[in-house]
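Within every chain, numbering begins at 1; the chains are lettered A, B, ... in the order of the sequence lines, protein sequences first and strands thereafter. Below, all heavy atoms of this structure are taken into account, side chains as well, without hydrogens, waters or symmetry copies.
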There are 2 protein chains.
Amino acid sequence: MRARSEVLETAILGILADSPLHGYELRKRLNMVLGSFRALSYGSLYPALRSLEQRTLIAGTETKDAPPQHALSGRRSRIVYELTAHGKEHLQGLLSSSGPAAWEDESFDVRFALFGKTDAETRLRILEGRRTRLAERLEMVRESANRTRERLDEYTLELQRHGLEQVEHEVAWLDELIDTERGRARAPRSEARRAPGSTTQNEAEGDPRPGTTIKERG
Amino acid sequence: MRARSEVLETAILGILADSPLHGYELRKRLNMVLGSFRALSYGSLYPALRSLEQRTLIAGTETKDAPPQHALSGRRSRIVYELTAHGKEHLQGLLSSSGPAAWEDESFDVRFALFGKTDAETRLRILEGRRTRLAERLEMVRESANRTRERLDEYTLELQRHGLEQVEHEVAWLDELIDTERGRARAPRSEARRAPGSTTQNEAEGDPRPGTTIKERG
DNA sequence: ACGTCGATGTATCGCACCGATACATCGACG
DNA sequence: CGTCGATGTATCGGTGCGATACATCGACGT
């Protein structure tokens, strides 16, 4: 099952929503956006592009020669991809989901990078979801640390401590962001016009489990 | 080539050096040591164990029934692995390497967790190597950020900033550790009660082991 | 004029590893 | 006595990485 790596496709669709691009340039943007580490390999990108094209979410056009305005930039033989209407619709669906799949480690960064295309309510839910997730993790690790502290090596302990600090730091970061978003929700600004065509009343595809409401545990 | 995932094998060998274990328990220790996230899957562990056994670095013994002393702990049918002499030697080689392969993202955590089995000089080299690596990364990202700052989304910028902070935090951590290790090098203390069986005092002192010269390919 | 070097560009292949799953036994709890 | 969670070994499909191949182009030196 595993949803054919939703996150990769979300990222590609999200970048292409801004402007049509060819693979090479797309990869550069992707890596820039994702913080320069966490690189995306061509071995993933090109197959993904082909799959996306087969499902008519994007359309590729081979460009032989671009008539140069400045006499430069005359590269040839590239395949420029752009979103189809279907693709835009699909992207809207992906961006409106706010379940666990949006805030887990593998996907959160990409979803966050696309926050500019996401409505404020969804942003807040994702932020809170991730915060809760990290808090749970913190709890688990701390508990397990208390149980096993004695038997552990000095360096292992230090590694654990540092890992904890990193997560705590991310939680603090999230708290700031949540604060900001809450403020924004109070003073709603017309921050961006969406594509008007896709009315798609989103049927919260996240996950049906009723226990998933945010809950806001300390 | 990619050296059959040296890091996984280092981790397994390192844990087994403390005490013989079976797969299930081994995995628990591994995950505990590695900070509870970054989990190791059985899909990696069991094949790795088999490979290690084939190369006579570890030896597995099937235990049918343990005569219980306390009337409990009578589980059956488990395969307990322990290091062979060859395996111990190999582990020493792995632990004495201090090149890039030791301080890259994929391996640093494991190597650090095994610092208790590593001599002070190697520890310091690895720590400094990683610090330099992260500083380079910081430099690159900052530079690229300066070039592209204008064209980037508010949230993308925030993501970048947070990523930078995380790395900066790790650098600060490393600086503390380097300080500590330097102090330790100056005042050499008989640190840590290790497991008594594992030869802390190296047999055959003048043993440069020509085949395994560290060197590590920059 | 020639070489070659790095950036741009598309594409594939091996394989390491994860996530899911299957199967089995055991202790504990109601 | 039934089932549930922990213990335990093992495999399998799929995703994505790293390496590589191939090709063109501008720029630079000599």
Side-chain angles (χ1 to χ4, degrees), chain A residues 1-12 20-31 34 37-53 60-66 68 70-81 100-101 104-107 110 144, chain B residues 1-12 20-31 34 37-53 60-66 68 70-81 100-101 104-107 110 217:
Chain A
M1 334 269 138
R2 203 68 246 123
R4 232 180 17 275
S5 197
E6 202 130 296
V7 52
L8 211 188
E9 298 191 349
T10 305
I12 293 176
L21 292 174
H22 54 100
Y24 189 79
E25 181 67 20
L26 182 56
R27 181 184 187 254
K28 282 201 302 186
R29 304 265 181 123
L30 233 20
N31 289 348
L34 291 187
F37 5 123
R38 193 188 316 278
L40 170 72
S41 127
Y42 291 123
S44 318
L45 177 60
Y46 284 111
L49 283 174
R50 222 170 310 137
S51 162
L52 250 11
E53 191 174 25
T61 312
E62 186 157 7
T63 310
K64 271 299 176 203
D65 189 38
H70 301 65
L72 38 78
S73 79
R75 298 226 154 279
R76 1 136 287 141
S77 181
R78 35 160 73 161
I79 305 177
V80 175
Y81 292 96
E104 287 301 319
D105 290 340
E106 326 80 64
S107 40
V110 166
S144 134
Chain B
M1 304 280 157
R2 202 67 246 123
R4 231 180 20 272
S5 197
E6 202 130 295
V7 51
L8 211 189
E9 297 191 348
T10 305
I12 294 177
L21 291 174
H22 53 100
Y24 188 80
E25 181 67 20
L26 181 56
R27 179 184 187 255
K28 282 200 303 184
R29 303 266 179 123
L30 234 20
N31 290 347
L34 292 187
F37 4 124
R38 195 188 313 280
L40 170 73
S41 125
Y42 291 124
S44 317
L45 177 60
Y46 284 111
L49 284 174
R50 226 168 309 139
S51 162
L52 250 11
E53 190 174 25
T61 313
E62 186 158 8
T63 311
K64 270 299 175 202
D65 189 39
H70 302 65
L72 41 76
S73 78
R75 298 226 156 277
R76 359 133 290 139
S77 181
R78 35 159 73 162
I79 306 178
V80 175
Y81 293 94
E104 288 301 319
D105 290 340
E106 326 81 62
S107 40
V110 167
R217 278 278 346 97

Whole angstrom value for the distance that separates [atom2] of [N] from [atom1] of [X]:
X	N	atom1	atom2	result
A:Tyr42	D:dA23	OH	C1'	14 Å
B:Glu106	C:dC18	CD	C1'	16 Å
B:Arg78	D:dT7	CZ	P	10 Å
B:Leu40	C:dA16	CG	C1'	12 Å
B:Leu8	C:dC18	CG	P	7 Å
B:Glu9	C:dA16	CD	P	10 Å
A:Ile79	D:dT24	CD1	P	16 Å
B:Leu49	D:dA10	CG	C1'	12 Å

Rounded distance [0.5 Å steps], CG in A:Leu45 versus CZ in A:Arg50: 10.0 Å
Rounded distance (nearest 0.5 Å) linking atom CG of B:Leu40 with atom CG of B:Leu8: 5.5 Å
With the side chain counted from C-beta on, respond yes when [X] and [Y] share a heavy-atom pair under 4.5 Å apart, and no when they do not.
X	Y	value
A:Thr10	A:Ser107	no
B:Ile79	B:Leu49	no
B:Glu53	B:Tyr81	yes

When we call it a touch if two heavy atoms are under 4.0 Å apart, what does B:Gly43 touch: a base, just sugar-phosphate, or nothing? base
Of B:Tyr24 and B:Ser44, the one whose nearest nucleotide on DNA chain D sits closer to the 5' end is B:Tyr24
Of the nucleotides C:dC18, C:dT12, C:dT10, which one has an atom closest to the side chain of A:Pro47? C:dT12
The side chain of B:Ser41 is closest to which nucleotide in this list: D:dT9, C:dT12, C:dC18? C:dC18
Does [N] have its OP1 or OP2 closer than 4.0 Å to a side-chain nitrogen or oxygen of [X]?
X	N	answer
A:Arg50	C:dT12	yes
A:Tyr46	C:dA11	no
B:Lys28	D:dG8	no

Under the salt bridge (Lys or Arg N to Asp or Glu O under 4.0 Å) test, which residues partner B:Arg29, sequence neighbours left out? B:Glu25
Convert the base pairs of DNA chain C into dot-bracket notation, remembering that pairs crossing earlier ones are written with [ ] and that bases paired across to another strand are shown as |; include only Watson-Crick or G-U pairs under 3.5 Å. ||||||||||||||||||||||||||||||
Lys/Arg cation over aromatic A:Tyr42: A:Arg27, 6.0 Å, 45° cone: yes
